[in-house]
Every structure is written in C-alpha cells, then in structure tokens.
Amino acid sequence: MKKSPAPRLSLVIPVFNEEKNLEPLYKELRRVCDGLSSGCEILFIDDGSRDGSFAALAALQKKDRRVKVLRLRKNFGQTAALSAGFDYARGDVIVTLDADLQNDPRDIPRLLDKMAEGYDIVNGWRRKRKDKFLTRRLPSNVANWLIARITGIKLHDFGCTLKAFRSEVAKSIKLYGELHRFIPAIASNIGVHIAEIEVHHRPRIHGQSKYGIFRFVKVILDMVLLRFLMSYSTRPLQIFGLVGLISGLAGAVLLAVMTYQRLFQQVGLGNRPLLLGAILLVVLGVQLITLGLLAEIQVRSYHEASGKPIYFIREVLDADKPRPRSRS
Ligand code: UDP
Ligand code: MG
C-alpha cells in the first residue's frame with residue numbers, strides 16, 4: 001500500500017477504558033479534520049485498556065485511514081501514552097486531548113490559529129470547568145497557582161490536556177512519571193513561546209476519571225522535583241552546597257562560642273543541649289556538600305552518557321545548510 005503524505009496535524013489521544021466515548025469522539029474529530037485544509041492523523045494510544053476500547057479503535061481504524069492506533073502492552077499511564085504518541089506522530093503540529101469527551105474538538109482550529117501566530121505551545125484554559133468543586137476544582141486551582149509561582153510560567157490551567165505543540169518541541173522533551181501535567185514547564189527549559197486560550201469543557205458522561213484526590217499530593221511532589229530540574233539540574237552543588245555551607249557555618253560558629261565559654265568563662269558543656277544541635281548542623285553541612293559533589297558527578301555522567309545537550313537550538317541561519325524546520 002502506498003504511504004500517505006505526511007499530515008500537517010497529529011491528534012494524540014491517550015485512551016484507558018473509554019469504550020463508550022470513542023465512537024462519539026471520533027465523529028467529532030472527523031468533522032474537525034474534514035474542515036481543515038491540511039492533512040490530519042488521529043492517533044489513539046490504547047494504554048492497556050481492559051474494556052472494549054481496543055476493539056472500538058480497531059473498528060474506527062478500518063473505516064478511516066487517518067485513524068492510527070498504538071496499543072501499549074499494559075497500562076503505563078497517561079504520561080507514557082502521550083510520550084508514545086509524540087514519538088509516533090508525523091505532523092508538524094501535535095494536538096493532545098483526552099478521550100473522555102471533556103475537551104471539545106471544536107476548539108482545535110482555534111488552537112491552530114494561535115500556533116500560527118508563532119507560538120511553540122498553546123495551552124487550553126478550562127475557564128468554566130465542569131467538574132466537582134471540592135474534590136477537583138479547588139485542589140486544581142491551588143496547584144495551578146503554586147505551579148505558576150514556582151515555575152514562573154504564567155498559565156491558568158496546567159492540567160488542561162487540550163494543548164497544541166510544535167512537533168519538534170513535543171518530540172524533544174523527555175517525560176517520566178506523571179510529568180505530563182508539566183509539559184509547558186519542562187519545555188520552557190529548552191526555551192519556547194507559550195500562549196494560552198480559553199477552551200470549552202464538558203462533564204464526563206461515560207466512564208470514570210482515572211485519578212482521585214491523592215493526585216494533589218503527587219502534583220506537589222512533582223512540582224518540587226521540577227523546580228529542582230529546571231534551575232539546578234546542571235549545577236546541583238550550588239543548591240546542596242549552599243544549604244550545606246549555611247548549616248555547617250552556623251554549627252561551627254555555635255561550637256566556637258561554646259568552646260570559648262568553656263575555656264574562658266567556665267561554662268560547663270555537659271548541660272548544654274545546644275551542643276548537640278551545633279554538632280548536628282556541622283555534620284549536616286558536611287553531608288549536604290558531599291551530596292552536592294556526588295550529584296555533580298551524576299549530572300556529568302547523565303549528560304555525557306545520554307548525549308543530552310545542555311542547549312537547544314531554535315533556528316540555524318547558514319547558507320550551506322537547509323533550515324531544520326522547513327520539511328518540504
Ligand atoms: N488515561 C490513560 N492512561 C491512564 C489514565 C488515563 O491513557 O493510566 C487517559 C484517559 O483515558 C483519558 C485521559 O488520559 O483520555 C485523562 O484521564 P481522565 O479523564 O481520567 O483524567 P481527568 O480528566 O479526570 O483529569
Ligand atoms: Mg477527563
């Protein structure tokens with residue numbers, strides 16, 4: 001069979017037990033794709049579903065050659081499913097959305113218009129979110145506020161899965177754990193222009209959400225990790241070393257004062273709990289500095305072994321070389 005020409009747009013949709021949503025979702029997506037002037041592929045990633053999702057996807061794939069299905073061997077999680085989709089996608093622009101019909105495919109052309117203004121990522125903002133307040137919207141608002149403050153990226157809705165990416169940006173970020181919520185923050189590491197537009201949101205009708213309230217705790221921990229990765233992953237000694245120095249110096253000063261008092265003012269050491277505190281601070285200081293040094297060694301072997309550069313190029317102007325972005 002002849003290979004179809006590379007599509008301009010790839011829709012990447014992770015699916016985990018969404019059997020009843022797939023047919024209606026496909027119909028909405030088909031309408032959007034038909035309305036686009038450029039080619040489009042609809043890439044479903046079946047993340048080890050245990051219901052009839054795969055059969056439903058296979059049926060859709062038979063009907064429409066724009067539909068492609070990747071079936072993962074087991075449930076690897078939404079982040080891994082998205083990552084598989086990014087690797088497989090062939091479009092210049094990748095749009096991600098959920099399979100549960102909560103995102104509205106009619107927002108896709110608006111995302112593309114915004115991308116055309118020159119952005120690398122356009123993030124959806126579910127301003128009128130149709131989820132429960134106490135268990136979903138409140139924790140999400142708190143998390144969004146924290147993430148925006150900590151990462152310095154001014155978005156309202158990091159959790160919105162309806163997003164558009166320039167393909168080379170999506171393909172160059174490495175995702176682990178449940179870091180898909182932080183893709184804009186991770187991508188900001190490589191230097192990207194990010195925009196945000198309001199998108200529609202609908203209540204979930206079929207199937208269940210895959211996450212509970214415990215997600216909030218995970219998000220907060222991931223955020224700490226991300227902050228570290230964003231600022232200090234290439235210079236860990238600066239953060240561990242700094243804390244270690246402060247602690248070690250504070251301990252040393254306390255010890256010096258106590259030694260002075262013992263030697264010249266006849267203040268006994270036996271009944272001074274502070275002595276323990278001072279020793280603890282010194283030991284902690286030494287430990288932290290050592291940890292920083294070990295982390296430096298790790299960082300070096302990480303970058304060298306994986307061939308991961310410490311810089312990312314946006315464009316090259318060189319008469320002898322074709323521009324990387326223009327593919328045709
Ligand atoms: N999903 C997935 N693998 C998982 C969990 C979720 O592929 O392990 C998919 C799920 O089918 C849906 C999307 O990720 O398309 C978002 O999941 P969900 O709607 O449960 O999240 P929520 O909207 O509640 O944040
Ligand atoms: Mg959902």
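All of these numbers come straight from a predicted model, not from anything done at the bench. All ligand and atom numbering here is 1-based and tracks the order in the structure.
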Verify whether one side chain among Asn21 and Asp100 offers a donor that lies under 3.5 Å from an acceptor in the other.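 On atom types as modelled, these side chains do not qualify, holding no pair under 3.5 Å.
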Say whether Arg129 and Ser140, considering side chains only, have a donor N or O and an acceptor N or O under 3.5 Å apart. yes
Transitive ILVMFWY cluster of Leu263, excluding itself - 4.5 Å side-chain cut-off: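 Hydrophobic cluster check, Leu263: joined to Tyr260, Phe264.
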By the rule that ILVMFWY residues connect when side-chain heavy atoms come within less than 4.5 angstrom, directly or transitively, which residues belong alongside Leu138?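 For the cluster that includes Leu138, the remaining residues are Phe133, Leu134.
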Cation-pi check for Phe54 against Arg71: NZ or CZ below 6.0 Å from the six-membered ring centre and within 45 degrees of the axis, yes or no?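 Yes, Arg71 and Phe54 form such a contact.
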Lys74 NZ/CZ over Phe76 ring centroid, <6.0 Å and within 45° of normal: yes
Is the number of heavy atoms from other residues, nucleotides or ligands within 6.0 Å of CD (Gln261) greater than 12? yes
Tyr211 atom OH, neighbour heavy-atom count above 12 within 6.0 Å: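 Atom OH in Tyr211 is crowded, with more than 12 foreign heavy atoms closer than 6.0 Å.
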Excluding waters, which protein N, O or S atoms are within less than 2.8 Å of the Mg ion (ligand 2)?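 Near the Mg ion (ligand 2), the protein supplies Asp100 OD2, Gln102 OE1.
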Tell me, which residues have any heavy atom less than 4.0 Å from some atom of ligand 1?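 For ligand 1, the contacting residues are Pro14, Val15, Phe16, Glu18, Asp47, Asn75, Gly77, Gln78, Asp98, Ala99, Asp100, Gln102, Arg136, Arg204, Ser209, Lys210, Tyr211, Arg215.
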Which is it for Ser167 and Asp92 under the side chain to side chain donor-acceptor pair (under 3.5 Å) test, yes or no, and what are the steps along the way? CA-CA 5 Å; Ser167 145; Asp92 297 330; 5.9 Å; no
